Amino acid sequence: NITSNKSYTIIIVEDSSEHINEGSNFIFAQLGNSSANERLHLGYGSRDTITLRHHSNDVTFDINRLESAALTVFRFANGQSPSHFINYNGILVGSGQTGGALTNLGNNYIGNFADVHFYHGKIKEILVFDKTLTDEEVIKVNYYLSKKWGLESQVDSDGDGFTDADEIADGSSAIDASDSLMPDLSDSVDSQIGEASGLDSIESNLKLWLDATNIDSYRNATLSDGA
């Protein structure tokens, strides 16, 4: 057993898109009793929810589930509040609950929960760490798996609102949330007028900026007349 009496991080790349409408679909589990913190099961709670369950110590969050492979990070931080975290395709979709490590020493299972619920899909890769990975560590593993499995167009490794593919195309970093595709007002003005504008001080007051020169994040390369 590699998940009981400790913090852990379980990272899964899988594709269950052919069975997206089948309801609950658990990927990783632990044999145990029907008592609080004695039976781990994680995966899809329904078509559009992702769940991390210790039995009576659970979190379930809504997701925008895609009909393709997915990268999900399940984290448990023993004794902390919140203790349960789930990232889906890079984005932190939610956190909650308090402490409550798994206590049952039953075996871990892949694709099988309680010999009743069997995973339907294709498991590509699973990584299990016996610690709660930091946000920075999760970002780096996200990006590694995103590139390895060709998921750049749907994974946002650093959770900044832009997919890895968009960031790579625009020359920004997919593992640095502060280096995003959002334009910088003062830098843009400086570039146009050829000197320092000194407008950094007002950027925090900017609430709306509509600029039609780059509305697709590719300098309008994907647009055509009449489209």
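Owing to the predicted nature of the structure, the values given are computational and were not obtained by experimental measurement.
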- Query: Out of curiosity, T9 OG1 to D130 CG, how far, rounded to the nearest 0.5 Å?
  - Reply: 9.0 Å

- Task: Any chance you could lay out the side chain to side chain donor-acceptor pair (under 3.5 Å) test for E152 and T163, step after step, and finish with the verdict?
- Result: CA-CA 7 Å; E152 298 100 317; T163 66; over 6 Å; no

- Task: Carefully, step by step, assess S16 and R65 under the rule side-chain contact (heavy atoms from CB on, under 4.5 Å).
- Result: CA-CA 10 Å; S16 56; R65 190 171 175 189; 2.6 Å; yes

- Query: Any chance the side chains of Y144 and K148 put a donor and an acceptor closer than 3.5 Å?
  - Reply: yes

- Message: Heavy-atom count check: over 12 atoms from other residues, nucleotides or ligands less than 6.0 Å from K122 NZ?
- Response: no

- Among all residues two or more places apart in sequence or in another chain, which pass the ring-ring contact (aromatic ring centres under 6.0 Å, His included) test with F74? none

- Kindly indicate whether the side chain of E125, heavy atoms from C-beta on, has any atom under 4.5 Å from the side chain of L127. yes

- Just checking, any donor-acceptor pair under 3.5 angstrom between side chains of T72 and N87? no

- Item | Whether T132 side chain and F76 backbone form a donor-acceptor pair below 3.5 Å | yes

- Item | From CG (L151) to OG (S68), nearest 0.5 Å | 7.5 Å

- Go through L206 and I202 one step at a time and tell me if the side-chain contact (heavy atoms from CB on, under 4.5 Å) criterion holds. CA-CA 7 Å; L206 181 64; I202 68 170; over 6 Å; no

- Could you give the distance from OG (S172) to CG (D166), rounded to the nearest 0.5 Å? 8.5 Å

- Query: Do I86 and V73 touch side chain to side chain, with heavy atoms closer than 4.5 Å?
  - Reply: no

- Message: Keeping K140 on the side-chain end and V138 on the backbone end, is there a donor-acceptor pair under 3.5 Å?
- Response: no

- Message: Can you give me the closest heavy-atom contact between D187 and E203, atom names plus distance?
- Response: N-OE2, 4.4 Å

- Scan side-chain atoms only and decide if D176 and S178 contain a donor-acceptor pair under the 3.5 Å cut-off. yes

- Keeping the roles fixed (side chain from Q97, backbone from D58), state whether a donor-acceptor pair exists under 3.5 Å. yes

- List the atom of L66, the atom of Y88, and the distance in Å for their closest heavy-atom pair. N-OH, 3.7 Å

- For the pair T98 (side chain) and P82 (backbone), establish whether a donor and an acceptor sit closer than 3.5 Å, ignoring hydrogens and angles. no

- Task: Considering non-hydrogen atoms only, spot the tightest contact between S95 and F85 and give its length.
- Result: CB-CD2, 3.4 Å

- Set of ring-ring contact (aromatic ring centres under 6.0 Å, His included) partners for Y44, sequence neighbours left out: none

- Item | Point-to-point distance, once rounded to the nearest 0.5 Å, from CG of N142 to CG of L71 | 5.0 Å

- Partners of H120 by ring-ring contact (aromatic ring centres under 6.0 Å, His included), sequence neighbours excluded? H19

- Going from CG on L199 to CD1 on I193, what distance comes out if it is rounded to the nearest 0.5 angstrom? 7.0 Å

- Have S191 and S188 got a donor and an acceptor in their side chains that come within less than 3.5 Å? no

- Quick check: does any side chain N or O of N89 sit under 3.5 Å from a backbone N or O of A70, one acting as donor and the other as acceptor? no

- Message: One pair to check against side-chain contact (heavy atoms from CB on, under 4.5 Å): L40 and H54. What are the steps and the verdict?
- Response: CA-CA 5 Å; L40 171 69; H54 279 195; 3.9 Å; yes

- Query: Does D190 reach the main-chain N or O of A196 with its side chain, forming a donor-acceptor pair under 3.5 Å?
  - Reply: no

- Message: Testing the 3.5 Å rule here: is there a donor-acceptor pair between the side chains of S173 and E167?
- Response: no

- So, are E67 and R47 salt-bridged, with charged N and O less than 4.0 Å apart? yes

- Message: With a 4.5 Å cut-off on side-chain heavy atoms, are V141 and I11 touching?
- Response: yes

- Write down the atom of T3, the atom of Y8, and the distance for their closest heavy-atom approach. O-CD2, 3.7 Å

- From L185 atom CG to D200 atom CG, the distance as rounded to the nearest 0.5 Å: 9.0 Å

- Message: I'd like to know if the side chain of T134 reaches the main chain of E137, judged simply by a donor and an acceptor atom lying under 3.5 Å from each other, with no hydrogens or angles considered.
- Response: yes

- Residue list, ring-ring contact (aromatic ring centres under 6.0 Å, His included) with F113, at least two apart or on another chain: F26, H41, H117

- Message: So does N57 get a backbone contact from the side chain of H84, meaning a donor-acceptor N/O pair under 3.5 Å?
- Response: yes

- Message: Restricting to side-chain contact (heavy atoms from CB on, under 4.5 Å), what partner residues turn up for I126, sequence neighbours left out?
- Response: I10, I12, I110, I123, V128

- Item | Short side-chain donor-acceptor distance under 3.5 Å, S157 and D164 | yes

- Message: Quick test of your reading: applying salt bridge (charged side-chain N to carboxylate O under 4.0 Å, His left out), list the pairs with at least one residue in residues 10-31, sequence neighbours left out, ordered by first then second residue.
- Response: none

